[in-house]
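Side-chain atoms are counted along with the backbone in the values below, which use heavy atoms only and exclude waters and symmetry mates. Numbering starts at 1 and runs along the sequence shown.
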Amino acid sequence: LMRFSARTIEALRICALLGSRFDSKAVEAVVPRASEAIAEAAAEGLIAAVGDRWQFSHELIAEHLAESTAPGMRTALHDQLCDALIANGASALEIAHHAVVSVSIDPVRAARWTLVAARQHSVVADWTQVIKTVSAGLDGLDPEHDDVLLIDLLTLRGAARRRDGISGSDDDLLAAAQSAVRLNDD
């Protein structure tokens, strides 16, 4: 990596935050002239085109680049990537991942996108993933300020827990009902 320019390393770090396989459009929205950096890395064999996406030649390279990014910077970059993915019409699952990682910047966005992603999981009856996704969205949400979103998330997780036979479904559904009553009283 030492042979690459600082601009190329910056672009590769952002690519790595998208995973070992990534779409260059989101990177280009965050880093000016990222396409040149991607071309340079491809010419050196660090990444390769795979269909309409790019892939690191080895997953450890992507892991190293992502992990060597300072935590505060990593959060800010995930936030920028989330915005870029939303603008580019990426999948809700991909957007939700970046929204959750940057939850400290915008917890409501994280909760909303996890709700959308969890609903997609529920269509294919992947209840374990619904529970995991909704739980990630609930982690950063302030229950005092986002009652409607909280009700939706708790109801979905409660239903998923019930369908998957996991305890806690009644607690989630009761909390959703209590939030609905509180919302109605306001």
With D152 via side chain to side chain donor-acceptor pair (under 3.5 Å) - residues at least two apart |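 Listed in chain order: nothing, the list is empty.
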Ignoring hydrogens and angles, write down the donor-acceptor pairs under 3.5 Å from the side chains of residues 92-100, residues two or more places apart or on other chains.
from : atom 1 : to  : atom 2 : distance (Å)
H98  : ND1    : H78 : ND1    : 2.8

Which pairs count as side-chain hydrogen bond (donor to acceptor under 3.5 Å, both in side chains) when at least one residue sits in residues 57-70, sequence neighbours excluded?
->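 Qualifying pairs, neighbours excluded: R13-S68.
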Under the side chain to side chain donor-acceptor pair (under 3.5 Å) criterion, do S179 and R182 qualify, and how do the steps go?
-> CA-CA 5 Å; S179 291; R182 188 173 54 250; 3.1 Å; yes
Taking only residues two or more places apart in sequence, or in another chain, which ones meet D23 in a side chain to side chain donor-acceptor pair (under 3.5 Å)?
->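 For D23, no residue satisfies side chain to side chain donor-acceptor pair (under 3.5 Å) once neighbours in sequence are set aside.
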Set of residues satisfying salt bridge (charged side-chain N to carboxylate O under 4.0 Å, His left out) with respect to R161, sequence neighbours excluded =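 R161: salt bridge (charged side-chain N to carboxylate O under 4.0 Å, His left out) contacts with D172.
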Please answer whether the main-chain N or O of R7 pairs with a side-chain N or O of R33 as donor and acceptor at a distance below 3.5 Å.
->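 Side chain of R33 to backbone of R7: no pair is present.
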Of all pairs that satisfy side-chain hydrogen bond (donor to acceptor under 3.5 Å, both in side chains), the ones with a partner from residues 38-56, not counting sequence neighbours =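 For residues 38-56: R3-E44, T8-E40, R21-Q55.
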Is the side chain of T75 donor-acceptor paired with the backbone N or O of P71 at a distance under 3.5 Å, no angle test?
->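 Judged by distance alone, yes, a pair lies under 3.5 Å.
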Is there a path from V108 to V134 through hydrophobic residues (I, L, V, M, F, W, Y) whose side chains come within less than 4.5 Å of each other?
->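 Yes; tracing contacts between hydrophobic side chains, which count when under 4.5 Å, links both residues.
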Group every Ile, Leu, Val, Met, Phe, Trp and Tyr by side-chain heavy-atom contacts under 4.5 Å, then state whether L150 and L183 land in the same group.
->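 No; tracing contacts between hydrophobic side chains, which count when under 4.5 Å, never links both residues.
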Do any N or O atoms from the side chain of D164 and from the backbone of A160 form a donor-acceptor pair under 3.5 angstrom?
->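 Side chain of D164 to backbone of A160: no pair is present.
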